[in-house]
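Below: one structure, written as structure tokens.
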Amino acid sequence: FMQVKYSFFRNKNTVGIKHPKTNMKALITMGSLQLFIMSLLWWYTGHWYFYFIFWFAPIITLTVFFDKVRIFCEHTPMEDDERFPAVLRTFHSSRIERFFLAPFDMHYHAEHHLYPGIPHQNLHRAHHILAKMNVKKKLTTCVEGSYIKFLWNYFINLGKRYEVEY
């Protein structure tokens, strides 16, 4: 079942390591964009430090927090689950969860790990193809309802794991 060709999933534009000038161009573009955002906030509010409070700080705190929550949900085994140790999970999450927790179709986590070369925009196609082939049953992957539901079940079962009988 693993001998099926997935060449149509590959990104044709990827050519390996980029030339250093390309990276410098990207840094200049990103720096210019951030300077524009800072100038815009400064002009609109009259306070230069609002850029750091309302733009930069949320990027380095909330983004990291949501990424850690997503990684926890996707990689934590559930001991009381019959699929244990299935740590390849795909989530059927809402648009809000996908916006905050799984941008770029990362809720197709199992497909991403099975075929890391597939570009994010094609992960949903890989999900449907692998489901038709029953690959997930053979590889002990699982599909969860949502990130919030998984966290709820994890923390509810956490207390049951450590109950002490007297």
Side-chain angles (χ1 to χ4, degrees), residues 1-19 22-23 25-27 29-30 33-34 37 54-164:
F1 66 93
M2 297 298 276
Q3 296 176 0
V4 177
K5 290 188 178 181
Y6 291 103
S7 60
F8 64 94
F9 287 134
R10 294 203 178 124
N11 191 346
K12 305 286 190 237
N13 300 326
T14 304
V15 290
I17 298 174
K18 304 250 181 206
H19 194 271
T22 306
N23 291 337
K25 184 179 176 183
L27 286 174
T29 303
M30 184 65 75
L33 179 63
Q34 293 303 314
I37 292 170
F54 295 111
W55 183 258
F56 190 69
I59 286 175
I60 63 172
T61 56
L62 294 176
T63 304
V64 171
F65 170 74
F66 288 134
D67 191 47
K68 297 296 182 191
V69 168
R70 179 183 57 81
I71 290 169
F72 176 81
C73 292
E74 292 170 346
H75 293 100
T76 302
M78 298 289 281
E79 292 178 10
D80 61 340
D81 197 343
E82 67 273 359
R83 299 170 296 199
F84 180 77
V87 292
L88 289 178
R89 287 191 183 91
T90 291
F91 286 89
H92 287 229
S93 53
S94 67
R95 288 182 188 220
I96 294 172
E97 282 184 335
R98 287 194 302 261
F99 179 79
F100 286 107
L101 294 171
F104 303 110
D105 293 328
M106 283 308 296
H107 59 286
Y108 293 116
H109 181 69
E111 294 78 6
H112 165 71
H113 273 281
L114 290 172
Y115 299 99
I118 298 175
H120 72 89
Q121 65 269 19
N122 293 333
L123 286 172
H124 69 283
R125 290 171 55 198
H127 173 74
H128 294 296
I129 289 172
L130 294 173
K132 287 179 184 176
M133 295 172 53
N134 289 327
V135 171
K136 294 181 181 186
K137 290 179 183 174
K138 296 175 185 175
L139 296 175
T140 65
T141 62
C142 60
V143 177
E144 298 288 342
S146 72
Y147 289 96
I148 302 299
K149 182 180 175 184
F150 176 84
L151 287 171
W152 177 262
N153 290 335
Y154 180 82
F155 287 113
I156 291 296
N157 291 327
L158 188 64
K160 293 177 184 176
R161 264 186 240 166
Y162 299 108
E163 287 180 357
V164 179

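Model, not experiment: these values are computed from the prediction. Residue numbers count from 1 along this sequence.
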Between [atom1] of [X] and [atom2] of [Y], what distance do you get to the nearest 0.5 Å?
{"X": "Ser94", "Y": "Ile148", "atom1": "OG", "atom2": "CD1", "result": "8.0 Å"}
{"X": "Thr61", "Y": "Phe56", "atom1": "OG1", "atom2": "CZ", "result": "10.0 Å"}
{"X": "Leu101", "Y": "Ile71", "atom1": "CG", "atom2": "CD1", "result": "11.0 Å"}
{"X": "Ile118", "Y": "His113", "atom1": "CD1", "atom2": "NE2", "result": "12.5 Å"}

(message) The test is side chain to side chain contact (heavy atoms under 4.5 Å, CB included); show your working for Ile37 and Trp55 and say whether it passes.
(response) CA-CA 9 Å; Ile37 292 170; Trp55 183 258; 3.6 Å; yes
Kindly give the heavy-atom pair with the smallest separation between [X] and [Y], and that separation in Å.
{"X": "Phe104", "Y": "His120", "value": "O-CB, 3.1 Å"}
{"X": "His124", "Y": "His128", "value": "O-CD2, 3.0 Å"}
{"X": "Glu97", "Y": "Ser146", "value": "OE1-CB, 3.2 Å"}
{"X": "Asp105", "Y": "Gln121", "value": "OD2-CA, 4.0 Å"}
{"X": "His109", "Y": "Thr90", "value": "N-OG1, 3.9 Å"}

Should the ring pair [X] and [Y] be called parallel, tilted or perpendicular, given that the plane angle runs from 0 to 90° and is split at 30 and 60?
{"X": "Phe100", "Y": "Phe66", "answer": "tilted"}
{"X": "Phe150", "Y": "Tyr154", "answer": "parallel"}
{"X": "His127", "Y": "Tyr108", "answer": "tilted"}

Is there a side-chain contact between [X] and [Y] in this structure, where contact means two heavy atoms from C-beta onward sitting under 4.5 Å apart?
{"X": "Leu33", "Y": "Thr29", "result": "no"}
{"X": "Cys73", "Y": "Leu151", "result": "yes"}
{"X": "Tyr115", "Y": "Leu130", "result": "yes"}
{"X": "Arg98", "Y": "Phe91", "result": "no"}

(request) Give every residue pair that meets the salt bridge (charged side-chain N to carboxylate O under 4.0 Å, His left out) criterion with at least one member in residues 57-71, sequence neighbours excluded. (result) Asp67-Arg70, Arg70-Glu74
(request) Would you confirm whether Arg89, through its side chain, and Ala110, through its main-chain N or O, come within 3.5 Å as a donor-acceptor pair? (result) no
(request) Please step through side-chain hydrogen bond (donor to acceptor under 3.5 Å, both in side chains) for the pair His92 and His107, ending with a clear verdict. (result) CA-CA 7 Å; His92 287 229; His107 59 286; over 6 Å; no
(message) Holding to side-chain hydrogen bond (donor to acceptor under 3.5 Å, both in side chains), I want the full list of residues that pass it with Trp152, two or more places apart in sequence or in another chain.
(response) none
(message) Could you check whether atom CZ of Phe72 has more than 12 heavy atoms from other residues, nucleotides or ligands sitting under 6.0 Å from it?
(response) yes
